[in-house]
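Have a look at the structure below, then the notes.
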Amino acid sequence: MAETNPDKVLSQVQQEMDSFYNDHYRPNNKEIIASIGNGAILDAARENAGNQYAKTLEQNERNLARYGMSRTAFDTEMAKHSAAVGASNASLGEVNQARIQQYERDNQIRQQMINQGRDMTGQAISGLSSASNNYASVENANAQSAAAAEAQQNQMMAQGVATAAMMVMMM
């Protein structure tokens, strides 16, 4: 048979919600919180910046070879110098952009976690409010039924006394 006591039903619902949160969200939350500030985006950007510029240099060398051209010693030195400056600039730009992205990602995760906590708090307060209202309603209903029963009992006693008084008067 299904439970009819609203307080017990509400309590069971709250316990199931808590169990669901602990089983599904809490492990992920710990992992997400641990990822804040880990610098994964920054590390990937550092690795990628050097690789991209190296690929560009290799492509330039292939294009020169394709057309049968070669560099002079001076051109080779200038290309190395240019490559070093270009790689440094590319790396700094990409790493700086990655820092901004990492900061925004971490900030967004923090904000989402805060919002999730506020939502859970709101749901808990709503549940407590419902339980409190239910309890007050039950107490009021009990008080009203007790008062009605007492009034009915007093009325029956009064009718009994009145009937007895009428019988005594008729005699």
Side-chain angles (χ1 to χ4, degrees), residues 1-140:
M1 184 171 170
E3 182 65 52
T4 57
N5 183 341
D7 292 336
K8 288 185 179 178
V9 171
L10 186 61
S11 175
Q12 288 172 352
V13 168
Q14 288 298 114
Q15 288 174 354
E16 288 175 17
M17 287 173 63
D18 186 53
S19 174
F20 184 81
Y21 171 78
N22 286 331
D23 293 344
H24 293 81
Y25 286 101
R26 189 173 296 267
N28 291 334
N29 285 350
K30 289 179 181 178
E31 189 177 316
I32 290 169
I33 289 169
S35 76
I36 293 175
N38 67 1
I41 295 174
L42 209 52
D43 294 341
R46 285 186 181 118
E47 185 177 320
N48 190 32
N51 291 343
Q52 290 291 28
Y53 208 78
K55 288 178 184 177
T56 302
L57 289 176
E58 289 172 5
Q59 183 180 8
N60 286 342
E61 291 300 322
R62 283 193 305 274
N63 284 339
L64 286 173
R66 184 180 304 149
Y67 296 114
M69 299 174 70
S70 62
R71 294 187 175 157
T72 64
F74 179 75
D75 289 339
T76 303
E77 285 302 314
M78 288 304 292
K80 286 180 184 178
H81 177 71
S82 177
V85 170
S88 178
N89 286 339
S91 178
L92 289 175
E94 194 164 336
V95 168
N96 198 29
Q97 189 63 32
R99 272 194 189 98
I100 293 169
Q101 290 173 349
Q102 183 78 46
Y103 174 80
E104 288 174 352
R105 175 201 172 268
D106 292 349
N107 207 21
Q108 186 178 25
I109 287 174
R110 283 186 195 101
Q111 193 62 43
Q112 287 173 350
M113 299 295 280
I114 289 168
N115 289 341
Q116 188 180 44
R118 286 180 180 162
D119 185 45
M120 287 187 297
T121 302
Q123 288 177 1
I125 289 171
S126 175
L128 289 174
S129 177
S130 294
S132 174
N133 289 337
N134 290 345
Y135 180 77
S137 296
V138 167
E139 289 298 311
N140 287 338

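Hydrogens, waters and symmetry mates are skipped; everything else that's a heavy atom, side chains included, is used. Numbers here simply count residues along the sequence, with the first being 1.
- Distance CD/Q102 to CD/E104: 11.0 Å, rounded to 0.5 Å.
- The nearest pair of heavy atoms linking A40 to N38 is N-OD1, 3.1 Å.
- To the nearest 0.5 Å, the span separating CG on N96 from CG on L42 amounts to 9.5 Å.
- For R62, the side chain to side chain contact (heavy atoms under 4.5 Å, CB included) test picks out E58, Q59, with sequence neighbours left out.
- Considering only heavy atoms from C-beta on, Q112 stays 4.5 Å or farther from I32 through its side chain.
- Residue-environment remark: CD (E31) stays at or below the threshold of 12 foreign heavy atoms within 6.0 Å.
- Applying the ring-ring contact (aromatic ring centres under 6.0 Å, His included) rule to Y67 yields no partners; only residues at least two apart in sequence or on another chain are considered.
- With values rounded to the nearest 0.5 angstrom, D75 atom CG is found 11.5 Å from S82 atom OG.
- Listed by chain and number, the residues in a side chain to side chain contact (heavy atoms under 4.5 Å, CB included) with M78 are F74 (sequence neighbours excluded).
- Atoms CG and CZ, on D18 and R26 in that order, are 7.5 Å from each other to the nearest 0.5 Å.
- A pairwise comparison of heavy atoms in D106 and I36 identifies OD1-CA, 3.7 Å as the closest pair.
- Under the side chain to side chain donor-acceptor pair (under 3.5 Å) criterion, E61 pairs with R71, not counting sequence neighbours.
- Annotation: side chain to side chain contact (heavy atoms under 4.5 Å, CB included) contacts of I33 (sequence neighbours excluded): M113.
- Other residues, nucleotides and ligands contribute over 12 non-hydrogen atoms within 6.0 Å of the OH atom of Y21.
- We find the CD1-CD1 distance between I41 and I100 to be 12.0 Å, quoted to the nearest 0.5 Å.
- By the side chain to side chain contact (heavy atoms under 4.5 Å, CB included) test, I125 is found to be paired with T121, residues two or more places apart in sequence or in another chain being considered.
- Formation of a donor-acceptor pair under 3.5 Å by the S126 side chain with backbone atoms of G122 is not found in this model.
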